[in-house]
Amino acid sequence: MGTLIYILVFFTPSIVESVQDPARAWIPPAPDVRDLECEAGPEDLARREAPDEVEPPAYRQDYLERRAVICRERLLPHAARPARDDAVLNRLRHHAQEAAGRVKALGPGERTWLVEVNYPDVRVAHKLAFATKTALLDLGLRVTDRAPALAAADLEVLSTLPPEKGYPLACERMHAAGGLRAGDGLVMLASLHPRETALHTGLCVDGAWRWLP
Amino acid sequence: MALRPLLLFAVLWALPACVTVYQPLSGAHRPVAVDLRGPNLKGVAVTVRCLPSADMPRAESGLLCRKLARLFENQGATVQTTTSRERPEAEEAPAAEGATAEAGPEPTEALEVELTSRRLHEKRTSFLFFDYISDYTFAQDIVVRDERGALLARERLVGRFFDTLGFNENTDLNFSRLFYGAVSQIALNARMRRKVLAAGR
């Protein structure tokens, strides 16, 4: 009996601390830790994020050590879609805002921006394009849904070229063929390697191509 | 009668025990698309710099560097390692830090991968004469630059190890798969960014 009391006295604080830890999941069903996206942070942050769940600090010492780990379950469970698509869509907002921020940093202008995405999965490309257009609009830039058309013969030639030659040539052809009008600019988000999860931003303005650093 | 020990063993095996679990936190839980055995870094000279810190002594930094050297070599890179901020000298570095280099085509690109570790949080549990760390969170800062010093990638991987009641957890394998996968992905992304920057110069 004495041993039991001893164990309870020593372990109760530890058990109480971990009851609400989603990764330990003593009471709710344990999710796969890979399906949780967690950020460790100060207790104040948790109190701001979830004021109804995190109590204000106690006036008296209660011998519990508190720290905040804010977790949310992924929208789709781990491995529900290809890893590369998952990684890119996981940072959709980041990619869109980064590209828009780089375009905005070029300075004020009256250009109308077209957005194209070179990504193997069309559905992912559409999501990226939509998010980037929204991010550009949020920054006060003009955006159009027009797509810069290229002739089939151009596409056939361009598809055989490496990216460092293909993108500048495509830009020239879009400008020459009228796909990009005067006052238009093209923002291109491109993935250059089949295993890459980052995206690169390029610009086509007045027939000249450049990658943004 | 002979079944009794087997039954006891089966019961004990099925009982939950104290196990250590690895939980990837910010950065470390991102999906990885890279194939760790593919030639992702072929033709790249990689310098891996594992900087010691208060939470990571030089010996452990050296061990991390050696493991990363093997990781990048498996992906086709020529690797040098160091645990200091100074640039390793080509002849001295292998003897000093255990760096390795495989015979192959001369590298045409270079990357510098710098890693710094620190412990963000730890919780100690004491019981009678035992005192051990039952929960800790670490951060691994990774910075990748090209041969000119241009920043290609800056990421922070945060992970947590904690003890809990549970069944057999393959913690080391889980951690290795996620951590080395994330580092490889960062290196590949940095390589592609280097190519894009080089094309823009």
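We name chains A, B, ... by the order of the sequence lines, and we start the count at 1 in each one.
Of the residues considered (B:Leu120, B:Leu188, B:Val32), B:Leu188 shows the highest number of contacts with chain A, using heavy-atom pairs under 4.5 Å. Ranking A:Leu212, A:Asn90, A:Asp86, A:Thr197 against chain B, the residue ahead of the rest is A:Thr197, based on heavy-atom pairs under 4.5 Å.
Residue B:Arg191 does not touch chain A at all, counting heavy-atom pairs closer than 4.5 Å. B:Val196 touches chain A through backbone and side chain together, each having a heavy atom under 4.5 Å away. Interface residue B:Leu197: only side-chain heavy atoms are found under 4.5 Å from chain A.
Put simply, the side chain of B:Gln185 gets close to the backbone of A:Arg195: a donor and an acceptor are under 3.5 Å apart.
No more than 12 heavy-atom neighbours from other residues, nucleotides or ligands sit within 6.0 angstrom of NZ on A:Lys127. Atom CZ of B:Arg154 has 12 or fewer neighbouring heavy atoms from other residues, nucleotides or ligands inside a 6.0 Å radius. Counted within 6.0 Å of CZ on A:Arg102, heavy atoms from surrounding residues, nucleotides or ligands total more than 12; the atom is thus considered enclosed. Few gaps surround CZ on B:Phe161; more than 12 heavy atoms of other groups in view lie less than 6.0 Å from it. For NE2 of A:His94, the number of neighbouring non-hydrogen atoms (other residues, nucleotides, ligands) closer than 6.0 Å is greater than 12.
Looking at every heavy atom in both residues, B:Pro31 comes nearest to A:Ala87 through O-CB, 3.5 Å. Closest approach of B:Glu155 and A:Arg91 over heavy atoms only: OE2-NH1, 3.9 Å.
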